[in-house]
Amino acid sequence: MTESTKKFVTEKLNEMINAFSCCAEAKTAAQNWLDGVGTEREAELTKALIAELEEDIMPIDTLIAFAESDAGAKVFGEEHAKEVAAHAKEIKAAGAVYCDCPACAAAEAILAKKDEL
């Protein structure tokens, strides 16, 4: 892994960890990678990080379905759920594949470089 890739991933992982929308499992995988980069565990932690990000990143259609569901209304509140669904439909129409919340945006950026890790 190049130094520029390492720097990029480190920056994106820190953004993800600090995002309101980042789940505990992704935070743990990110912190483990940050703590282990440059050690003999780097390859193992990189695989674990990629697997976690691929599991956690929310496909846009899943976000739309969730925001339009009763569960989405409970999580977001009824009015905000409608706004989330409308926003998701708008970014999907513009070509988005994934949710654009801060955690998913950071995960998508990292996954775009996974072959460099």
Side-chain angles (χ1 to χ4, degrees):
M1 170 177 9
T2 66
E3 280 302 313
S4 66
T5 299
K6 189 181 299 185
K7 181 180 177 187
F8 175 83
V9 172
T10 297
E11 288 173 7
K12 291 298 175 185
L13 287 177
N14 282 313
E15 288 175 18
M16 189 179 77
I17 287 169
N18 292 311
F20 73 91
S21 53
C22 188
C23 69
E25 297 84 2
K27 285 183 183 190
T28 298
Q31 191 60 59
N32 288 343
W33 188 87
L34 291 168
D35 293 343
V37 73
T39 70
E40 69 281 349
R41 294 192 62 216
E42 183 176 319
E44 164 196 345
L45 294 169
T46 299
K47 286 180 186 177
L49 175 66
I50 290 169
E52 188 64 39
L53 296 181
E54 288 177 337
E55 182 178 321
D56 291 344
I57 194 168
M58 176 141 336
I60 196 68
D61 288 331
T62 303
L63 176 60
I64 293 167
F66 180 70
E68 291 179 333
S69 72
D70 290 340
K74 287 179 184 174
V75 168
F76 296 122
E78 196 168 318
E79 282 307 308
H80 188 61
K82 291 176 186 175
E83 293 169 4
V84 170
H87 172 73
K89 288 176 182 178
E90 182 180 306
I91 65 171
K92 178 182 177 180
V97 176
Y98 298 106
C99 170
D100 67 344
C101 76
C104 287
E108 184 176 15
I110 294 165
L111 289 172
K113 292 188 175 277
K114 75 179 183 180
D115 291 339
E116 299 174 37
L117 297 177

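All values below were derived from every heavy atom in this structure, side-chain atoms included, with hydrogens, water molecules and symmetry-related copies excluded. Positions are given from 1, in the same order as the sequence printed here.
Sequence neighbours left out, the pairs with a member in residues 62-81 that pass salt bridge (charged side-chain N to carboxylate O under 4.0 Å, His left out) are Glu68-Lys89, Glu79-Lys82. For the side-chain hydrogen bond (donor to acceptor under 3.5 Å, both in side chains) condition, the pairs that include at least one residue of residues 108-117, sequence neighbours left out, are Thr5-Glu116, Glu54-Lys114.
The salt bridge (charged side-chain N to carboxylate O under 4.0 Å, His left out) test applied to Lys12 returns Glu15, not counting sequence neighbours. Scored by the side-chain hydrogen bond (donor to acceptor under 3.5 Å, both in side chains) test, Asp100 finds His87 as partners (sequence neighbours excluded). Evaluation of the ring pair (Phe, Tyr, Trp, His ring centres under 6.0 Å) rule for His80 yields Phe76 as partners, not counting sequence neighbours. In this view, Asp35 and Gln31 satisfy the side-chain hydrogen bond (donor to acceptor under 3.5 Å, both in side chains) rule, not counting sequence neighbours. For the side chain to side chain contact (heavy atoms under 4.5 Å, CB included) test, no residue two or more places apart in sequence or in another chain qualifies with Ala86. In this structure Glu90 satisfies the salt bridge (charged side-chain N to carboxylate O under 4.0 Å, His left out) test with no other residue, sequence neighbours excluded. The salt bridge (charged side-chain N to carboxylate O under 4.0 Å, His left out) test applied to Glu42 returns no partner, not counting sequence neighbours. Evaluation of the side-chain hydrogen bond (donor to acceptor under 3.5 Å, both in side chains) rule for Glu11 yields no partner, not counting sequence neighbours. Taking the side chain to side chain contact (heavy atoms under 4.5 Å, CB included) definition, one finds that Ala103 meets it with Met16, Ala19, Ser21, Cys22, Cys101, sequence neighbours left out. When the side-chain hydrogen bond (donor to acceptor under 3.5 Å, both in side chains) test is applied to Asp61, the partners found at least two apart in sequence or on another chain are Lys92.
Between Ile60 and Leu63 there is a side-chain heavy-atom pair separated by less than 4.5 Å. Side-chain contact between Thr10 and Leu34: present, with at least one pair of heavy atoms (C-beta onward) separated by less than 4.5 Å. The side-chain heavy atoms of Leu45 and Val37, taken from C-beta on, include no pair separated by under 4.5 Å.
Across Cys104 and Ile57, no two heavy atoms sit closer than the pair O-CD1, 3.7 Å. For the pair Ile64 and Ala85, the tightest heavy-atom approach, listed with the atom from each and the gap, is CG1-O, 4.4 Å.
Under the 4.5 Å side-chain heavy-atom criterion for Ile, Leu, Val, Met, Phe, Trp and Tyr, Met58 and Leu49 are members of distinct hydrophobic clusters.
Within a 6.0 Å radius of CZ in Phe66, other residues, nucleotides and ligands contribute more than 12 heavy atoms.
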Between Ile50 and Ile110, does a side chain to side chain contact (heavy atoms under 4.5 Å, CB included) hold up when you go through it step by step?
CA-CA 8 Å; Ile50 290 169; Ile110 294 165; 5.9 Å; no
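Distance check: Tyr98 OH to Asp56 CG gives 12.0 Å after rounding to the nearest 0.5 Å. Here Leu13 contributes atom CG and Lys27 contributes atom NZ; the two are 13.0 Å apart, rounded to the nearest 0.5 Å.
Between Glu44 and Lys47 there is no salt bridge, since no side-chain N of the basic residue sits under 4.0 Å from a carboxylate O of the acidic one.
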